[in-house]
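Protein chains get the first letters and strands the later ones, always in sequence-line order, with residue 1 at the start of each.
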Amino acid sequence: MDAAGSVTSRPPSPLMVQAELTYSCPLQCPYCYNGVDFAFHRDDLTTEQWLDALRQARALGAVQLGFTGGEPMLRPDLETLVREGRQLGYCITLLTSGMLMTEKRLQALKEAGLDGVQVAFPSSSPAECNFMSGTASFEQKRETARLVKGYGLSLVLNFVVYRDNIDKTEQMLELATELQADYVEFANCQFHGWGFLNRDRLMPTLEQLTRSEALVNRFREQHQGRMRVFYVIPDYYAGRPKPCLGGWGTILLAIGPDGAATPCPGARGMPGVELPNVRESSLETIWYDSPVFNKFRGFEWMKEPCRSCEEKTKDFGGCRCQAYLLTGDPANADPTCSLSPHHGLVEAARAGSQTSACARPYIFRNVKNSRRLCAD
Amino acid sequence: MQLDEDRVVEMGPGFRLQWEPAQQRYVLLYTEGMVRLNRSAGEILKRCDGSRTATEITLEVKSAFGHTDVEQDTRNFMEDAYGRGWIRYKPTT
């Protein structure tokens with residue numbers, strides 16, 4: 001309430017909770033968006049702390065709940081969290097590598113009230129899938145997808161698309177058809193965390209993207225009504241930034257394994273931002289009153305060229321995490337926008353994908369590399 | 001998509017209708033998304049519970065809203081919802 005007694009405009013309630021249950025993962029995919037320093041992470045929330053956070057977020061109005069990680073199935077209390085989540089009225093999706101799924105566990109998760117399972121595939125080719133994930137994973141992933149369908153849960157296939165697999169667009173879509181996916185995320189690789197580290201190696205060319213997008217569009221027309229395909233835009237090539245999460249602190253509430261709450265998992269590494277923690281504050285205080293959630297809400301924080309740009313209500317200046325990653329200042333325009341004074345960085349990265357620099361080996365997401373890269 | 005109005009309809013697999021106190025409206029929940037429903041859409045879908053035919057639902061909604069032009073809108077909405085997989089025919093077995 002302001003002095004005149006009228007209700008001042010409050011930010012909208014969160015709609016989606018992204019619960020990162022752990023950073024541990026049996027796979028080593030080099031495009032992972034998790035922080036490069038994940039191996040230094042300590043002190044995971046207890047079951048009771050997670051349950052309390054889920055109750056609070058639901059009371060704020062959140063409806064969708066995604067359990068992710070790392071590999072969320074590493075948490076032995078996943079079934080307990082799903083059961084409570086469903087009783088609270090969430091629509092619950094498990095985002096998994098599929099590596100730890102068994103029929104017994106899926107049965108228990110379904111019985112607890114799980115709605116859908118998203119299985120990530122690094123490729124439609126078994127050899128490439130195994131190579132990218134650092135272990136023999138393809139057959140297990142396929143088996144998990146079959147189990148999910150067999151139990152009548154919604155199946156989402158997530159294909160991360162990068163230079164070496166983008167020419168297999170048709171084969172990836174065929175795999176989605178074979179596995180009878182309800183939803184397909186055709187996710188052009190985004191460059192955060194490990195993905196940023198491996199950007200030059202992962203970046204496709206414009207010719208590849210053009211071919212691939214045409215194939216996805218054709219597939220979409222052919223499968224209308226039966227399978228929904230979400231196309232995650234390759235923002236380095238799009239000319240305009242993605243309207244990241246519908247704006248900062250608008251839809252998503254992300255909670256890390258340690259209880260740190262952020263408007264986006266990518267915001268964990270931002271400087272000058274103290275992350276509130278569910279152990280210390282209520283989620284209501286965190287969502288409405290914490291400095292980090294308010295930092296980039298609305299349009300007041302914007303610099304030029306965003307501030308006077310007509311498109312700011314459409315893309316909200318793009319991704320804050322990407323602006324920080326590329327320019328060092330999260331309040332800058334997302335450099336993937338061609339109007340950004342830093343757009344040259346994106347052009348240079350695209351050009352890099354055409355040179356020999358792109359032939360360097362991947363840095364895989366594992367504990368050893370995390371320790372080595374973040375030792376100091 | 002043509003809807004056989006004499007058949008009993010229910011929510012489609014993977015879709016859940018839920019009243020949201022925080023939003024004061026019905027929402028349609030599914031993996032990967034949510035649809036916020038306006039009042040009439042909520043009134044229609046809450047009756048798609050496997051106990052009524054499409055014709056019965058249209059009549060009920062008509063009397064709930066108390067005017068006749070709602071009839072065609074209800075039919076159109078159910079046909080659209082059927083096409084999107086939000087509702088389906090109840091299996092006869």
Inset, instruction - Name the member of A/Leu60, A/Val63, A/Thr93 that forms the most heavy-atom pairs with chain B at distances under 4.5 Å. - result: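 Result: the option with the highest number of such pairs is A/Val63.
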Legend entry - Option that, when pairs with chain B are counted at under 4.5 Å, heavy atom only, ranks first among A/Ser13, A/Gly66, A/Gly89: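 Among A/Ser13, A/Gly66, A/Gly89, the one with the most close pairs to chain B is A/Gly89.
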Legend entry - A/Tyr90 versus chain B, the contacting section by heavy-atom distance below 4.5 Å: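 Only the backbone of A/Tyr90 comes within 4.5 Å of chain B.
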Inset, instruction - Working to the nearest 0.5 Å, report the span between SG of A/Cys91 and CE of B/Met34. - result: 10.5 Å
Non-hydrogen side-chain atoms of [X] and [Y] separated by less than 4.5 Å:
X	Y	result
A/Leu15	B/Gln23	yes
A/Asp182	B/Thr31	no
A/Glu185	B/Glu32	yes

Legend entry - Minimum heavy-atom distance B/Gly14-A/Ser154, with the two atoms named: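 Heavy atoms only, the tightest pair is CA-OG, 4.1 Å.
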